[in-house]
Novice: 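This is the structure I have questions about; it appears just below.
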Amino acid sequence: DLYEFRGAFNGNSKKINELTINSTSSYVGLFGKVGRGSVIKDLTIENCNVTSTGAVVGALVGRVRLDAPNQSITIDNCHSSGSVNGLSAVGCLIGMLTQHEPATGGDLYSVIVSNSSSSATVGLSSTYSGVAGGLIGEVSGGLSMMEMIPTLPQIKYCYATGNLSGTGEIFLGGLIGQVNWAIISNCYAMGNLANNFVVGGFVGSISNSTVSNCYSTGHITGSSNWIHGFIGSGYGDFSNCYWDVETSGKASDERAAPKT
C-alpha cells in the first residue's frame, strides 16, 4: 500500500493532548495505515476527539496490516483517552488489525499489540453490520492454504475501560468487537456496553482463537440471544477466563466462569 506507514516511531513516553480529527474518509487515526516492519511504542494520546463518517477508525491507528513473510509489526505501551466515532471497525486505540497469508506468523513474525490500553468512549451508528471494541474494533488472522498453518496476531497485557454504544446491528466488545484467528492473553475490559445485536463484555464475536487469563466487568445493556457476560457469540479455546455476574448484569456464558 503506497500510503502505509512502514517505520519506527518512538514516542519517548510523551503525550499528545487533544488530538482532533474530523474526517469523511476511511482508515482514520494518528496513523491512518500501518504496514510491515513497523514499530510504534511509548506514546499516549489524551483527550482525543476522532470522528469520521467512514470506516476503520482508531485514535492511534486506523488499520494495521501484515501481509508479507518474515516481517512483524509491534505496538507496545500505547494508550488513548477521549472519544472515537465512526461507521464500522472502530476501536479506541486501533480500528482494524489484520494478519494474513503470506505472513509467516509465530512469535517473531506476527502483529503483536502489548502493554497498551484505552479509556476512550466509542459511539457508532451503522445501518448495516458494524463492529466496535474498547481497544480494537476488529482483529483477524488467517490460515495458510498451502500448509494449513494459522498465522495469528497476538494481543497481550492490554486493557480497556471506556464505554461503548451504538445503533444498528453492531458487534460490540469491551476489548475487541470481532475476532477471527488470534491469540489473546492477560487482558481485561471494564467498560459499559449498550446494543441489541451481538455484545460481549470482553469480545463481541469470536472464532478460531485462543483466549487465556482474561476477564470483563462492564455493565451490559441490551437484549438478544447473542448478548453475554464475556463473549457475545462464537467459539474458541478459553482458559482461566471469567466475567463479573453482578456488575455485568448477565448471568450466562459457557465460555468463561461466572464470578462475583
Novice: Could you grab the distance from atom CG of Leu108 to atom OG of Ser72, nearest 0.5 Å is fine?
Specialist: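 The OG atom of Ser72 is 8.0 Å from CG of Leu108, to the nearest 0.5 Å.
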Novice: Under 4.5 Å between any side-chain heavy atoms of Val57 and Val84, yes or no?
Specialist: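 Touching, per the 4.5 Å side-chain cut-off.
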Novice: Within the distance-only criterion (no hydrogens, no angle test), does the side chain of Ser52 pair as donor or acceptor with the backbone N or O of Gly54 below 3.5 angstrom?
Specialist: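 Indeed, once roles are kept as given, a pair shorter than 3.5 Å links the two residues.
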Novice: How about Val131 and Val90: do any of their side-chain heavy atoms sit closer than 4.5 Å?
Specialist: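 With C-beta onward as the side chain, the pair stays apart.
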Novice: Using a 3.5 Å distance criterion without hydrogens, assess whether the side chain of Asn195 forms a donor-acceptor pair with backbone atoms of Gly168.
Specialist: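 Yes, Asn195 side chain to Gly168 backbone: donor-acceptor pair under 3.5 Å.
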Novice: Do the side chains of Val199 and Phe197 get nearer than 4.5 Å, heavy atoms only?
Specialist: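 Side-chain contact under 4.5 Å: no.
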Novice: Group every Ile, Leu, Val, Met, Phe, Trp and Tyr by side-chain heavy-atom contacts under 4.5 Å, then state whether Ile227 and Phe171 land in the same group.
Specialist: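 No, no single cluster joins them.
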Novice: Would you say that Ser110 contacts Gln99 through its side chain, given a criterion of any heavy-atom pair below 4.5 Å between the two side chains?
Specialist: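 Ser110 reaches Gln99 side chain to side chain.
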Novice: Closer than 3.5 angstrom, by distance alone: can the side chain of His228 be matched with the main-chain N or O of Ser252 as a donor-acceptor pair?
Specialist: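 Side chain of His228 to backbone of Ser252: a pair is present.
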Novice: Any donor and acceptor pair, going by atom type alone, linking the side chain of Thr247 with main-chain N or O of Thr217 inside 3.5 Å?
Specialist: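 Yes.
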Novice: Which atoms form the tightest heavy-atom contact between Gly134 and Cys92, and what is the distance?
Specialist: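 That closest heavy-atom pairing would be O-CB, 2.9 Å.
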Novice: Between the side chains of Ser224 and Asn196, is a donor N or O closer than 3.5 angstrom to an acceptor N or O?
Specialist: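 Side-chain D/A pair, Ser224 to Asn196: absent.
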Novice: Return the OG to CG distance between Ser140 and Asn208, rounded to the nearest 0.5 Å.
Specialist: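 The distance works out to 11.5 Å.
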Novice: Run the side-chain contact (heavy atoms from CB on, under 4.5 Å) test on Ile94 and Ile75 for me, step by step, so that the C-alpha distance in whole Å, both residues' side-chain angles and the decisive distance to 0.1 Å come before the verdict.
Specialist: CA-CA 10 Å; Ile94 300 168; Ile75 295 178; 3.7 Å; yes
Novice: Would you check, one step at a time, whether the test side-chain hydrogen bond (donor to acceptor under 3.5 Å, both in side chains) holds for Asn115 with Asn77?
Specialist: CA-CA 5 Å; Asn115 305 303; Asn77 193 32; over 6 Å; no
Novice: Taking atom CH2 of Trp243 and atom NZ of Lys259, what is their separation to the nearest 0.5 Å?
Specialist: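 Going from CH2 on Trp243 over to NZ on Lys259, the span is 11.5 Å.
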Novice: Between Glu46 and Ser81, does any side-chain donor sit less than 3.5 Å from a side-chain acceptor?
Specialist: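 On atom types as modelled, these side chains do not qualify, holding no pair under 3.5 Å.
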Novice: Checking side-chain polar atoms at under 3.5 Å, does Ser117 have a donor or acceptor matched by the opposite partner on His79?
Specialist: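 Ser117 vs His79: donor-acceptor pair found between side chains.
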Novice: Set out, in order, the CA-CA distance, both residues' side-chain angles and the distance that settles side-chain contact (heavy atoms from CB on, under 4.5 Å) for Ile136 and Leu93, then state yes or no.
Specialist: CA-CA 6 Å; Ile136 306 173; Leu93 193 71; 5.6 Å; no
Novice: Given side chains that start at C-beta, do those of Val64 and Thr98 come closer than 4.5 Å, heavy atoms only?
Specialist: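 Sidechains of Thr98 and Val64: no contact.
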Novice: Out of curiosity, Ile206 CD1 to Ile184 CD1, how far, rounded to the nearest 0.5 Å?
Specialist: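 If we round to the nearest 0.5 Å, Ile206:CD1 and Ile184:CD1 are 4.5 Å apart.
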Novice: Donor-acceptor pair, distance only, cut-off 3.5 Å: does the side chain of Ser23 make one with the backbone of Ile21?
Specialist: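 It does not hold such a pair.
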Novice: Output yes when a side-chain donor or acceptor of Thr221 lies under 3.5 Å from a complementary backbone atom of Ala194, and no otherwise.
Specialist: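 Side chain of Thr221 to backbone of Ala194: no pair is present.
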Novice: Any side-chain heavy atom of Val113 sitting closer than 4.5 Å to one from Cys158?
Specialist: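 Val113 reaches Cys158 side chain to side chain.
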Novice: So, taking the atom named OG in Ser26 and the one named CZ in Arg63, what distance separates them when rounded to the nearest 0.5 Å?
Specialist: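 Ser26 atom OG to Arg63 atom CZ measures 10.5 Å (nearest 0.5 Å).
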Novice: Could you tell me which non-hydrogen atom of Leu87 sits nearest to which non-hydrogen atom of Thr53, and how far apart they are?
Specialist: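 Heavy-atom minimum between the residues: CB-O, 3.7 Å.
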Novice: Is it true that the side chains of Thr20 and Asn49 contain a donor and an acceptor less than 3.5 Å apart?
Specialist: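 The criterion, which ignores hydrogens and geometry beyond distance, is not satisfied for Asn49 and Thr20.
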Novice: Please report the C-alpha distance between Ile155 and Ile183 in whole Å, then the side-chain angles of each, then the deciding distance to 0.1 Å, and finally whether the side-chain contact (heavy atoms from CB on, under 4.5 Å) criterion is met.
Specialist: CA-CA 6 Å; Ile155 316 299; Ile183 298 171; over 6 Å; no
Novice: What's the verdict on salt bridge (Lys or Arg N to Asp or Glu O under 4.0 Å) for Glu4 and Arg36, showing C-alpha distance, side-chain angles and the deciding distance?
Specialist: CA-CA 9 Å; Glu4 283 184 342; Arg36 66 187 74 160; 5.4 Å; no
Novice: Would you say the side chain of Val61 lies within less than 4.5 Å of the side chain of Ile40, judging by non-hydrogen atoms?
Specialist: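 Result yes, sub-4.5 Å side-chain heavy-atom pair found.
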Novice: Checking side-chain polar atoms at under 3.5 Å, does Tyr215 have a donor or acceptor matched by the opposite partner on Asp244?
Specialist: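 Judged by distance alone, the side chains do not pair up.
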Novice: Does Val111 share a hydrophobic cluster with Tyr27, counting links as ILVMFWY side-chain heavy atoms below 4.5 Å and allowing steps through other members?
Specialist: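 No, Val111 does not connect to Tyr27 through the hydrophobic network.
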Novice: Using modelled atom types only, decide if a donor and an acceptor are shared between the side chain of Asp42 and the backbone of Asn12 within a distance under 3.5 Å.
Specialist: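 Such a contact is absent between Asp42 side chain and Asn12 backbone.
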Novice: The test is side-chain hydrogen bond (donor to acceptor under 3.5 Å, both in side chains); show your working for Thr260 and Glu246 and say whether it passes.
Specialist: CA-CA 6 Å; Thr260 57; Glu246 292 184 352; 4.6 Å; no
Novice: Which atom pair, heavy atoms only, marks the closest approach of Ala120 to Ser83?
Specialist: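 Distance-wise, the nearest heavy atoms are CB-N, 4.2 Å.
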Novice: Please check: side-chain N/O of Arg255 versus main-chain N/O of Ile231, any donor-acceptor pairing under 3.5 Å?
Specialist: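 It does hold such a pair.
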Novice: Using the rule that two of Ile, Leu, Val, Met, Phe, Trp, Tyr join whenever any of their side-chain heavy atoms come within less than 4.5 Å, decide whether Leu97 and Leu30 are in one cluster.
Specialist: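 Both belong to a single hydrophobic cluster.
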Novice: Is a side-chain donor-acceptor pair under 3.5 Å present for Asn17 with Asn47?
Specialist: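 There is such a pair between these side chains.
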Novice: Applying side-chain contact (heavy atoms from CB on, under 4.5 Å) to Tyr188 and Cys214, what does each step give before you reach the verdict?
Specialist: CA-CA 5 Å; Tyr188 65 89; Cys214 295; over 6 Å; no
Novice: Side-chain contact test, heavy atoms from C-beta onward, threshold under 4.5 Å: evaluate it for Leu43 versus Leu60 and give yes or no.
Specialist: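 Contact flag for Leu43/Leu60 side chains = yes.
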Novice: Between Phe202 and Phe230, how do the two ring planes meet: parallel, tilted or perpendicular, split at 30° and 60°?
Specialist: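 Taking Phe230 first and then Phe202, their aromatic rings lie parallel (interplane angle under 30°).
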Novice: Hey, what do you get for CG (Asp67) to CD1 (Ile73), rounding to the nearest 0.5 Å?
Specialist: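 Separation between the atoms: 8.0 Å.
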Novice: Are Leu193 and Tyr159 linked, directly or through other ILVMFWY residues, by side chains that come within less than 4.5 angstrom of each other?
Specialist: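 They do not share one cluster, since no chain of ILVMFWY contacts under 4.5 Å joins Leu193 to Tyr159.
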Novice: Shared ILVMFWY cluster between Val28 and Val139, side chains joined below 4.5 angstrom?
Specialist: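 Yes; Val139 is reachable from Val28 via cluster members.
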Novice: Determine the minimum heavy-atom distance between Ala251 and Val245, stating which atoms define it.
Specialist: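 Result for this residue pair: CA-CG1, 4.1 Å.
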Novice: Go through Gln154 and Asp107 one step at a time and tell me if the side-chain hydrogen bond (donor to acceptor under 3.5 Å, both in side chains) criterion holds.
Specialist: CA-CA 9 Å; Gln154 301 180 37; Asp107 289 338; 3.1 Å; yes
Novice: State which residue, out of Phe9, Phe31, Phe5, fulfils the side chain to side chain contact (heavy atoms under 4.5 Å, CB included) condition with Ser38.
Specialist: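 The single option meeting the side chain to side chain contact (heavy atoms under 4.5 Å, CB included) with Ser38 is Phe5.
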Novice: Do Ser80 and Ser118 pass the side-chain hydrogen bond (donor to acceptor under 3.5 Å, both in side chains) test, and can you show the C-alpha distance, the side-chain angles, and the key distance before you say yes or no?
Specialist: CA-CA 5 Å; Ser80 68; Ser118 180; 2.8 Å; yes
Novice: Are more than 12 heavy atoms, taken from residues, nucleotides or ligands other than Tyr157, located less than 6.0 Å from that residue's OH atom?
Specialist: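 Open.
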Novice: Where the side chain of Ser209 meets the backbone of Ala182, is there a donor-acceptor pair that is under 3.5 Å apart?
Specialist: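 Pair found, side chain donor or acceptor close to backbone of Ala182.
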